[in-house]
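Presented below is the structure to which this report refers.
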Amino acid sequence: AAIVASSHDAIVSKDLGGIVTTWNESARRVFGYTADEIVGQSITILIPPERQHEEVEILSRIRAGEVVDHFETVRIHKDGRRMPVSLTISPIRSRDGAIVGVSKIARDITEQKEAEQRIRALLREVNHRVKNQFAVILSMVRETRNRTADPVEFEAQVQDRIMALSRSHDLLVKGEWRGATLFELLLAHIEVFGNQERVRLSGPTIVLQPMALQYIGMAFHELATNAIKYGALSGPQGTIEVAWSVEPERLFRLTWTETVEGKGPGRKKSNGFGAVVLEKVAPAAVGGKGTLAHGEAGISWTLTAPLDGIEAREDPDFGLDNKGLAEARRASMTQP
């Protein structure tokens, strides 16, 4: 009696006609009915119409002395909602051993089922993302090869770019594939190179959806690499300012602005892989436009895009944005 009273599971007994005879406190918590409301009523009040046959089968097997295996099913709460439950059923015997009733232990497994659905969704997302990563890497290797004659340099560039993808991937994993903030993405790609104190970040908190996170991450890697080799971080005085905002009509705008003293090779117009990413691939993935400018003070990159192509939705949809992915792939494959 003490176990039944203190159990977190609903523990119910009924006679062989399906009439409820006992109802513990957890049964009230799980199903919503008090003992006064349901004792003496048929247990079928809890069973959906399409599952009424389950009760007939259970009682028939119990009367025959058969074992009813533990199973999962659906029951109806007092408020009308359907809830997944796990049932364990045992016969109740009289002193002479005759079967006179049935005991049921019901556990609400709503959270378990939701967790299972989430795991399945995440696995589907991982599958999509892995395929996506393979496509991006293949395109990256091809385009890097087309623009790099030196095998050693080719290997180094491909390795660096794959590691950059890995950093974005890590953020996705930490965010359970929903995304990560723009601030986190910038830090992940900048801190690898050091000199973070010379990079100023400003803008509202925006959680990037996975597609935007991956491709904008590629853009940040190309910008940071260029800054280290030729731009603001190649000398002791340069600075970088990254600012983003949401303008009227939900238009996202981001600018990466480098300021360096004197002229340097980083200001020359380039048609390399980095320029393709900044002007074509990354903007196309988010349905926006990218502009790369080379001025006397240093390079600047501006990305404008609809906020819907940038920001993660509050109710995350784990499916890939196939349109954005197709546009990004097209952009990368059509460049000379």
Verdict with reasoning, Glu57 to Ser60, per side chain to side chain donor-acceptor pair (under 3.5 Å): CA-CA 5 Å; Glu57 293 172 5; Ser60 175; over 6 Å; no
Look at the side chain of [X] and the backbone N and O of [Y], then say whether any donor-acceptor pair between them is shorter than 3.5 Å.
X	Y	value
Thr44	Ile47	no
Trp301	Leu278	yes
Glu258	Gly298	no
Asp15	Gly18	yes
Arg250	Pro306	no
Arg61	Val67	yes
Glu191	Ala188	no
Asp9	Arg107	no
Ser6	Ala2	yes

Residues forming a ring-ring contact (aromatic ring centres under 6.0 Å, His included) with Trp23, sequence neighbours excluded: Phe31
Under 4.5 Å between side-chain heavy atoms, counting indirect links through other Ile/Leu/Val/Met/Phe/Trp/Tyr residues: same cluster for [X] and [Y] or not?
X	Y	result
Ile11	Ile89	no
Leu201	Ile216	yes
Met83	Ile43	yes
Ile162	Val276	yes
Tyr33	Val85	yes

Intermediate values then yes/no, salt bridge (Lys or Arg N to Asp or Glu O under 4.0 Å), Arg198 and Glu241: CA-CA 8 Å; Arg198 291 160 60 187; Glu241 182 174 355; over 6 Å; no
Do [X] and [Y] get their side chains close enough for a donor-acceptor pair, meaning under 3.5 Å?
X	Y	answer
Ser26	His8	no
Ser103	Ser13	no
Glu222	Thr225	no
Gln157	Glu153	yes
Ser168	His189	yes

Any chance you could measure [X], atom [atom1], to [Y], atom [atom2], to the nearest 0.5 Å?
X	Y	atom1	atom2	answer
Ile310	Met211	CD1	CE	11.5 Å
Asp150	Glu155	CG	CD	10.0 Å
Ser90	Ile105	OG	CD1	6.5 Å
Leu87	Ile58	CG	CD1	6.5 Å

With a 4.0 Å cut-off, would you call [X] and [Y] a salt bridge?
X	Y	result
Glu55	Lys104	yes
Glu37	Lys78	yes
Arg120	Glu114	no

From CA spacing to verdict: side chain to side chain donor-acceptor pair (under 3.5 Å), Thr73, Glu54: CA-CA 9 Å; Thr73 185; Glu54 292 179 354; 2.9 Å; yes
State, with a plain yes or no, whether a side-chain heavy atom of [X] is found less than 4.5 Å away from one of [Y].
X	Y	result
His221	Arg161	yes
His169	Leu165	no
Val12	Val20	yes
Ile38	Leu46	yes
Ile206	Val246	yes
Leu208	Phe183	no
Ser234	Lys229	no
Thr110	Lys113	no

Residues in salt bridge (charged side-chain N to carboxylate O under 4.0 Å, His left out) contact with Arg28, at least two apart in sequence or another chain: Glu25
From CA spacing to verdict: side chain to side chain donor-acceptor pair (under 3.5 Å), Gln112, Glu116: CA-CA 6 Å; Gln112 174 186 324; Glu116 290 174 357; 3.2 Å; yes
